[in-house]
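Only heavy atoms go into these numbers, but all of them, side chains included; no hydrogens, no water, no symmetry mates.
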Amino acid sequence: MSVSDFDQAKIITIERHILEEQQVHPEATGVLTNLLYDLALAGKFIASQTTRAGLAEILGSTENTNIQGETVMKLDQLADRTIFRLNDHTGRIAVMASEEHEHLLPVPGRFPVGKYVLLYDPLDGSSNIDYNASIGTIFAIYRRLSIDGPGTLDDCLQPGSALVVAGYMIYGSSTMLVYTSGLGVHGFTLDPAIGEFLLTHPDIRIPNKPKYYSVNQGYEKYWSSGIQHYTRWLQGMDGDRKPLSLRYIGSLVGDFHRNLLSGGVFYYPADTQEPSKPHGKLRLTYEAAPLAFIASQAGGYASDGTRSILDIQPETLHQRTPLFIGNRFLVEKAEEFIDRFG
Ligand code: AFP
């Protein structure tokens, strides 16, 4: 690269990007900007740990105990503690909730509370860690509803349509952070040499021509007739349309990220496998809703099979929901099949 090429190239760090987006909102105080920056920092920390997965054994640990006789924290607990500890003292957060904890995570009494609510899934797809497949962190940020004092459960139980920011970090062949604040979807890749997230995927749009469908087809016998018909349709079995290719990692962030960039649909329907989980496996507040916001900002759509995920009012923190997410026409087709065949 010549000196003049280098001078012309616009190197946009995540900090610069967030600051530039902030200028679109003259009323912004910078609190949200800093909160996003804290999450990016958590992502760097988690990435540095996930790339060392497996080394604990080589370094002499047995089961959960390392060579010094200390308990080794599982990576999902480590990710959970990292996000909490980077955000508990900043005065930006009213309350947090995590996939790892049944109850709310209040801001410790010695720290000030702020105006935002943070819900997160610290390490989604963690059963893939041992096999070196992509895993991710999902986050959702709302404005608190309560006026002051510690944040409440109601602050956390807001529909996706009230989201202020949603994003994820994906720990794969590289580490990426993808987020939206309602001004499009932007992706940043972590340059490990300098420890910075750089803008590599500005204004992501789901391609109009989809490539993939993603579902755990091993569970087909537990599906309703509507889902079985829909899957046949995606495979082009009911006409002369070309089939979509099947890709499924079993790691929501990885499956969603691939389909966001290549076009397609991911679904995890309700099934009859476990009567105790009549609504499928995925969680509404910190999995489905934030990804639905990202999908909609990228020109896509997410549904529970009958209505937009963004319109669902959560009733409990860890509520499960069926999820269909990706290109709008593919998700609407799922709604049609469910409406017709159940
Ligand atoms: P784990 O965190 O236990 O690996 O679960 C991952 C997950 O919640 C989500 O990331 C996947 O989309 C989904 O489960 C995969 O579930 P199946 O193994 O039932 O297909």
Are the side chains of Y168 and L252 in contact, using a 4.5 Å heavy-atom criterion?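 SC-SC contact between L252 and Y168 ruled out.
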If we only count heavy atoms from C-beta on, is the Y120 to L39 side-chain gap below 4.5 Å?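 Heavy-atom side-chain distance check fails, nothing below 4.5 Å.
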Polar side chain donor-acceptor pair, [X] to [Y], under 3.5 angstrom:
X: S181; Y: E21; answer: yes
X: T90; Y: D38; answer: no
X: Q49; Y: R52; answer: no
X: E335; Y: S303; answer: yes
X: S134; Y: R258; answer: no

Taking it one step at a time, do H229 and D238 satisfy side-chain hydrogen bond (donor to acceptor under 3.5 Å, both in side chains)? CA-CA 9 Å; H229 276 88; D238 59 349; over 6 Å; no
Going by the rule side-chain contact (heavy atoms from CB on, under 4.5 Å), which residues pair with [X] if we only count those two or more places apart in sequence or in a different chain?
X: R328; answer: Y301, E332
X: N216; answer: Y219, Y248
X: L246; answer: Y213, Q217

Salt bridge (Lys or Arg N to Asp or Glu O under 4.0 Å) contacts touching residues 293-313 (sequence neighbours left out):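 Those involving residues 293-313 are D304-R307.
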[atom1] of [X]: more than 12 outside heavy atoms within 6.0 angstrom?
X: R143; atom1: CZ; value: no
X: D203; atom1: CG; value: yes
X: D130; atom1: CG; value: yes
X: K211; atom1: NZ; value: no

Could you see if [X] belongs to whatever hydrophobic cluster contains [Y]? Use Ile, Leu, Val, Met, Phe, Trp, Tyr and a side-chain cutoff under 4.5 Å.
X: V185; Y: F197; value: no
X: I325; Y: Y179; value: no
X: L86; Y: F111; value: no

Would you give the length of the straight line joining atom [atom1] of [X] to atom [atom2] of [Y], rounded to the nearest 0.5 angstrom?
X: D121; Y: E99; atom1: CG; atom2: CD; result: 4.5 Å
X: L19; Y: E15; atom1: CG; atom2: CD; result: 5.5 Å
X: L183; Y: Q297; atom1: CG; atom2: CD; result: 7.0 Å
X: Y171; Y: N132; atom1: OH; atom2: CG; result: 15.0 Å

Do the side chains of R320 and E287 get close enough for a salt bridge, i.e. N-O under 4.0 angstrom?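 The answer is no: the pair does not qualify as a salt bridge.
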Heavy-atom closest contact ([X] atom, [Y] atom, distance):
X: R144; Y: V113; answer: NH1-CG2, 4.1 Å
X: A302; Y: L323; answer: CB-CD1, 4.2 Å
X: N327; Y: P210; answer: OD1-CB, 3.8 Å
X: L177; Y: M169; answer: CD1-SD, 3.5 Å
X: K221; Y: Q228; answer: CA-NE2, 4.3 Å

Give the ring-plane orientation class for Y267 versus F324, where under 30° counts as parallel, over 60° as perpendicular and anything between as tilted.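 Ring orientation of Y267 relative to F324: parallel.
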Report the relative orientation of the aromatic rings in F188 and H17; use parallel for angles under 30°, tilted for 30 to 60°, perpendicular for over 60°.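 F188 and H17: perpendicular rings.
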Is Y286 isolated, or which residues cluster with it under the ILVMFWY side-chain rule of less than 4.5 Å, directly or via members?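 Under the 4.5 Å side-chain rule, Y286 groups with V95, L104, V117, L119, Y142, L153, L157, L163, F293, L310, L317.
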List the residues meeting ring pair (Phe, Tyr, Trp, His ring centres under 6.0 Å) with H279, not counting sequence neighbours, and say none if there are none.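 With sequence neighbours excluded, H279 shows a ring pair (Phe, Tyr, Trp, His ring centres under 6.0 Å) to no residue whatsoever.
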